[in-house]
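Data block below; observations after.
Proteins come first, then strands; the chains are lettered A, B, ... in the order of their sequence lines, and each starts at number 1. Quick caveat: nothing in here was measured; it's all calculated off a predicted structure.
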2 protein chains.
Amino acid sequence: MREAIPDQILTAAGALFYREGIRAVGIDRIIEEANVAKATLYRHFPSKDHLVAAYLQARHDRVIRSLEEVIEAEIAPRDAIKLIFERLHEKADSPEFRGCAFALAVAEHGDSERVVSVARTHKTMVRNIFSAIMSKADSGSQQASAHLSLLYEGALAIVAVGRDPSAVLIARDCALSVFDTAVFTKQPS
Amino acid sequence: MREAIPDQILTAAGALFYREGIRAVGIDRIIEEANVAKATLYRHFPSKDHLVAAYLQARHDRVIRSLEEVIEAEIAPRDAIKLIFERLHEKADSPEFRGCAFALAVAEHGDSERVVSVARTHKTMVRNIFSAIMSKADSGSQQASAHLSLLYEGALAIVAVGRDPSAVLIARDCALSVFDTAVFTKQPS
DNA sequence: GATAGAAGTAAGACCGGTCTGTCTCGGTTG
DNA sequence: CAACCGAGACAGACCGGTCTTACTTCTATC
């Protein structure tokens with residue numbers, strides 16, 4: 001067995017969901033791509049909604065792990081921010097990039113509590129990543145971290161529609177500028 | 001006749017598309033809500049894709065007109081920015097707000113050239129609005145206008161998922177800060 | 001201004017296709 | 001033998017889009 005079956009299904013479903021959209025991809029497409037029987041899929045995921053949530057959860061884990069690596073690496077907060085945006089730029093500079101998977105999923109399944117919940121958790125944790133970085137800069141500005149995540153999400157949204165990855169670099173420059181003024185004008189605690 | 005039939009259809013379709021999603025709303029729902037026969041709909045809009053594009057176009061016209069009013073009003077650039085974000089906050093502070101209709105549409109129909117084209121045009125024009133405001137501030141910083149639209153889109157994206165309209169106010173504060181530093185550090189032309 | 005015809009409309013049957021989800025069957029593997 | 005699996009038929013609903021039928025409304029011509 002090359003791979004556990006649930007992962008096999010999630011891999012196929014995830015690629016299709018992100019590339020073509022969730023509603024646009026039927027169960028039949030997924031089981032064909034995953035080389036799996038329909039009953040097998042429904043044994044592991046009781047409904048398509050569950051499968052979508054699991055796909056988002058897997059993506060969430062992956063993205064957050066990648067961001068936490070940046071935090072755990074002992075690099076200066078300013079460079080961490082730079083790195084995060086430049087990693088995003090790399091991803092955005094690819095024809096198959098379609099924007100934030102969680103925003104896409106909520107756009108299609110905004111009425112599914114299961115889906116929205118994972119997406120919200122993800123956004124909250126991304127904000128917390130920026131918050132952690134800013135607190136390492138010993139300028140406890142929670143405001144600045146909110147600004148950074150705003151720029152991060154804005155870059156994702158603009159690239160999703162306009163497909164021009166340079167927006168991410170512009171966001172990076174603005175983020176660094178926000179960081180600098182936040183640190184420069186920091187309040188003594 | 002209370003209203004031209006195409007507008008009647010567009011009104012019903014627009015409300016349903018935005019509220020529940022484009023793929024989630026079938027033609028039957030639209031014609032029922034618009035009190036119109038199916039053949040009538042297809043006489044005015046040759047396909048659902050055309051109808052979606054027309055819905056986006058109508059929304060585009062409305063939003064851009066509202067933004068241009070801000071420009072044409074003789075108010076200071078800084079106040080114009082403030083006003084734009086506070087108007088967005090008003091809209092976001094409503095249970096039926098679901099985020100940027102164009103981002104939602106692209107998420108669902110990213111492969112439709114007709115749909116993507118309207119969405120891209122919209123995003124470009126929004127950026128141009130900020131650009132026009134910044135050039136009135138006689139600091140020709142195109143960079144700052146890009147930052148402003150980044151914050152604008154970020155606020156839309158975050159509210160779309162998190163449903164917390166206060167993100168728009170945070171974006172406003174950041175935008176004003178960006179504006180101030182851009183004007184303060186402007187280059188002599 | 002009356003009238004014939006063209007055009008627009010509502011209502012809904014209908015078509016072929018696709019959707020999610022269930023079920024059966026027969027094979028394979030531990 | 002028991003649990004899982006692939007393949008696929010099947011159900012019931014819904015999809016976008018076409019077409020028919022009967023009715024209304026507008027328009028052009030006399």
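As rounded to whole Å, 15 Å separates atom C1' of D/dG8 from atom CG of A/N35. Between the P atom of D/dC15 and the CD1 atom of B/I30 lies a distance of 10 Å, rounded to the nearest Å. Between B/I5 atom CD1 and D/dT25 atom P there is a gap of 12 Å when expressed in whole angstrom units. If you measure from atom CD1 of B/I31 to atom P of D/dG17, you get 13 Å, rounded to the nearest angstrom. In this structure, the OH atom of B/Y42 is 16 Å from the P atom of C/dT9, given to the nearest Å. Note: CD (A/E32) to P (C/dT18) measures 13 Å, nearest angstrom. At whole-Å resolution of the value, CZ in A/R23 and C1' in C/dC19 are 11 Å apart. Taking atom CG of B/L41 as the reference point, atom P of C/dG8 lies 15 Å away to the nearest angstrom.
Taking 4.5 Å as the limit, some side-chain heavy atom of A/I31 sits within range of a side-chain heavy atom of A/D28. Considering only heavy atoms from C-beta on, B/V116 stays 4.5 Å or farther from A/V161 through its side chain. Two residues are said to be in side-chain contact when any heavy atoms from C-beta on lie closer than 4.5 Å; B/R98 and B/R163 meet this criterion.
Near-neighbour residues of DNA chain C inside residues 9-20 of chain B, defined by a heavy atom below 4.0 Å, are absent. Applying a 4.0 Å cut-off to non-hydrogen atoms, the residues of residues 43-58 of chain B that approach DNA chain C are B/R43, B/H44, listed by residue number.
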Check against side-chain hydrogen bond (donor to acceptor under 3.5 Å, both in side chains), B/S166 and B/D164: CA-CA 6 Å; B/S166 71; B/D164 179 8; 3.0 Å; yes

Candidate pair B/R87 and B/V70, rule side-chain contact (heavy atoms from CB on, under 4.5 Å), full reasoning: CA-CA 10 Å; B/R87 279 195 183 177; B/V70 175; 3.8 Å; yes

Worked check of side-chain contact (heavy atoms from CB on, under 4.5 Å) between A/Y18 and A/E96: CA-CA 9 Å; A/Y18 184 72; A/E96 60 255 27; 5.8 Å; no

Step-by-step side-chain contact (heavy atoms from CB on, under 4.5 Å) determination, B/M134 to B/Q142: CA-CA 7 Å; B/M134 286 311 290; B/Q142 289 312 298; 5.6 Å; no

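Comparing D/dT20, D/dG6, C/dT9 by their closest approach to the side chain of A/A37 singles out D/dG6.
Contacts of A/D28 with the nucleic acid, taken as non-hydrogen atoms under 4.0 Å apart, include base atoms.
Note: B/F17 CZ to B/R23 CZ = 11.5 Å, rounded to the nearest 0.5 Å. Atom CG in A/D61 sits 10.0 Å away from atom CD in A/E68 (nearest 0.5 Å).
Between the side chain of A/K38 and the base of D/dG6, no donor-acceptor pair of N or O atoms lies under 3.5 Å.
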